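First comes the structure, then the notes that go with it.
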Amino acid sequence: MESTSAENTGSEGVGRRDLIKRSAALGLVAAPGMSLLSACASSGGGGQKKDKAGKKTAKNPLGVNETATMEFVLFDGGFGKEYAQDAVKIYQKDFPKATVKFSATQKIQSTLQPRFNQGNPPDLIDNSGAEQMDMGVLVGKNQLADLTPLLDAPSYDDPSKKVRDTLRPGIVEMGQFDGKPVWILYYAYTVYGVWYSQKALDSLDEKYPETWDEMLKVCEKAKKKGMAGWTYAGKYPYYIPFSLYPMIGKVGGVDVLNAIDNLEPNAWKHPAVKACFEAYYELYKKGYILQGTPGLDHIQSQTAWAQGKALFIPNGSWVENESANVIPKDFNLAVSAPSGIDSSDKMPFGTIWASGGEPFIVPAKAANAEGGMEQLRIMLSEASSKNFTAKVKSLTAYNGGTTGITLTPGLTSGVAALKLAGSNVVNPRLQDWYVQLQKEKIGVAGLGEMMAGRLTPAEAVKKIQGFADEAAKDTSIKHYKHQ
């Protein structure tokens, strides 16, 4: 998701982000009517000649060809371009004879899919936004280079440490699909959850609600003061899982989320899913959703929320940077893990979704794969990580990089949420493994319809289970499971 991606977007794209990566063009679907399979990056095309590798030295452990061109294409989203441009300058300083081609676009899929098809992709890609290429398809079609050489290389700062030993927990595993190869390096570290103004919550004389009865009470109080309880990206309702999925995990345990990711039969019919769907549907039934929300995109919903029209919004930590121009200075941005149902929940309050975001890939047919990996090694240094955090208000995959930085309210709250969660961090993988299923089907056709009142929770569960069953039986896509 997410990425996603995910997944962190500009006005044209939706992240993960994954999320948001947080869309109109999902995975490798180039246009409505073009099937996922026909749009896949194929192995056709003449391809490009690989650059001759350079000599491996202490200063050049990956053996980068010091005169080869290195091409880097960045997703132009909520994190902006400056952090990447700063890291490119370091690459150019380290390899002064090299040429670096840097560009940024929101049209990742439509710009780069033809180049994958022709066999001449760039050396490093930030594969994010609404036009994110489907990771599962890329891995399944052998389009990505294994990043293990990067992870086993000495870190940029300390030759005695491997790059992998400097990363936050879960980052390496997120880049794996089957077995040991690591296909993706998620650069940002995203805290997903329920975002709100601490000032607005204080004005209601309330604390963040830990149970659903408390949530409804807070929303009723807000409603009486002319403020909606919730809003969300109605046009991109796959943002809803940023708080809904960890709630399902909290209520039913992490095995429920794993079964959903594994496309197991009847996984969506688990009582925890039913309870959480009914809870969210109650927000609609009681009139706690900001009027018009189903017609809002991510920017519009975030703007309405920042203006005090709604108290809560499900989102990822990129929201602080993406909405910086509309969030008031005294807003006191905060994030919380989702409320649960009650004391019978399997996991404690504080259970949160936090994971890598902003997926970087090196194509298998890149002319200068070593250069692409070296650029990532530079970005995973302490200095580059600090630069990213200071400029875009988000953590990175580097496990540290906050010393000496004055953290923003949202970032401070995110760090506190991670501390409260401890080991109770969940990481649903649907948005990485099955982009189209997660965004178009579960998000838009399932959750979006339910939250707009056009499906009951029972109907939404049945519909989404049907989508998952279709994906499980689809032999044209590669399937993945938690190891």
Side-chain angles (χ1 to χ4, degrees), residues 1-7 14-27 29 36 130 132 134-137 192 232-249 251-252 256-270 272-281 283-284 293-294 298 314-316 338 353 355 426-474 477 479-482:
M1 259 291 151
E2 84 152 339
S3 164
T4 181
S5 331
E7 137 6 0
V14 191
R16 287 32 48 222
R17 55 166 329 267
D18 15 125
L19 344 118
I20 306 236
K21 92 283 266 103
R22 344 279 12 197
S23 66
L26 294 161
V29 180
L36 183 65
Q132 178 190 60
D134 192 310
M135 297 296 192
V137 173
Y192 301 97
Y232 58 89
K235 288 186 176 179
Y236 310 117
Y238 47 84
Y239 275 53
I240 296 169
F242 296 155
S243 58
L244 179 58
Y245 283 0
M247 181 184 183
I248 291 170
V251 174
V256 180
L257 294 177
N258 288 348
I260 287 171
D261 287 342
N262 291 343
L263 303 181
E264 293 176 15
N266 299 317
W268 287 94
K269 295 181 180 179
H270 191 282
V273 177
K274 180 175 181 287
C276 294
F277 274 39
E278 289 175 348
Y280 269 59
Y281 188 67
L283 296 174
Y284 160 76
T293 287
H298 59 303
N315 223 310
W353 180 0
S355 64
V426 297
N427 184 11
R429 301 305 305 276
L430 278 182
Q431 68 173 7
D432 310 314
W433 293 350
Y434 309 106
V435 174
Q436 189 181 28
L437 170 64
Q438 165 68 8
K439 289 186 173 181
E440 282 187 337
K441 296 182 177 179
I442 294 170
V444 175
L447 296 174
E449 291 295 286
M450 183 184 81
M451 294 306 291
R454 294 187 286 265
L455 288 178
T456 65
E459 289 168 340
V461 165
K462 184 178 179 181
K463 194 171 186 180
I464 290 172
Q465 184 62 61
F467 292 143
D469 291 342
E470 286 172 11
K473 293 171 185 172
D474 188 345
I477 59 176
H479 296 102
Y480 302 98
K481 292 195 182 297
H482 286 275

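Sequence positions, counted from 1, serve as the residue numbers for this chain. Values in this document were obtained by computation on a predicted structure and should not be read as measured data.
- Taking CG of Asp432 as the start and CG of Asp134 as the end, the distance is 10.0 Å to the nearest 0.5 Å.
- Looking at every heavy atom in both residues, Gly446 comes nearest to Ala460 through O-CB, 4.4 Å.
- His479 and Asp474 make their closest contact through CE1-O, 3.0 Å (heavy atoms, listed as atom of the first residue, atom of the second, distance).
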Problem set entry | Derivation of the side-chain contact (heavy atoms from CB on, under 4.5 Å) call for Leu437 and Leu263 | CA-CA 11 Å; Leu437 170 64; Leu263 303 181; 3.8 Å; yes
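- Partner of Tyr192 under the ring-ring contact (aromatic ring centres under 6.0 Å, His included) criterion, chosen from Tyr238, Phe242, Tyr245: Phe242.
- Of all non-hydrogen atoms in Phe467 and Ile442, the two that sit nearest each other are CD1-N, 4.3 Å.
- Every residue meeting the side chain to side chain contact (heavy atoms under 4.5 Å, CB included) condition with Glu449, not counting sequence neighbours, appears here in chain and number order: Arg454, Leu455.
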Problem set entry | Residue pair Gln465, Lys269: steps toward the side-chain contact (heavy atoms from CB on, under 4.5 Å) verdict | CA-CA 7 Å; Gln465 184 62 61; Lys269 295 181 180 179; 4.0 Å; yes
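- Between Tyr232 and Met451 there is a side-chain heavy-atom pair separated by less than 4.5 Å.
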For this session: Kindly determine whether Ser243 and Trp353 satisfy side-chain contact (heavy atoms from CB on, under 4.5 Å), including the steps that lead there.
Result: CA-CA 8 Å; Ser243 58; Trp353 180 0; over 6 Å; no
For this session: Could you go through the side-chain contact (heavy atoms from CB on, under 4.5 Å) check for Met247 and Tyr280 one step at a time?
Result: CA-CA 10 Å; Met247 181 184 183; Tyr280 269 59; 3.5 Å; yes
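- Put simply, the side chain of Met135 does not reach to within 4.5 Å of the side chain of Val435, judged on heavy atoms.
- In terms of heavy atoms, Tyr434 sits closest to Asp261 at CE1-O, 3.7 Å.
- Counting only distance, with no hydrogens or angles, the side chain of Tyr480 and the backbone of Gly136 share a donor-acceptor pair below 3.5 Å.
- With sequence neighbours left out, the side chain to side chain contact (heavy atoms under 4.5 Å, CB included) criterion links Pro457 to Phe277, Glu278, Tyr281, Met450.
- Residue Ile477 comes nearest to Ala471 through the heavy atom pair CD1-O, 3.6 Å, listed as atom of the first residue, atom of the second, then distance.
- Checked against side chain to side chain donor-acceptor pair (under 3.5 Å), Glu264 has the following partners two or more places apart in sequence or in another chain: Asn262.
- For the pair Cys276 and Leu244, the minimum side-chain heavy-atom distance is below 4.5 Å.
- A 6.0 Å sphere centred on NZ of Lys462 holds no more than 12 heavy atoms belonging to other residues, nucleotides or ligands.
- When all heavy atoms of Glu440 and Val444 are compared, the pair lying nearest together is O-CB, 3.3 Å.
- Using a 4.5 Å heavy-atom cutoff, the side chains of Leu447 and Pro241 are in contact.
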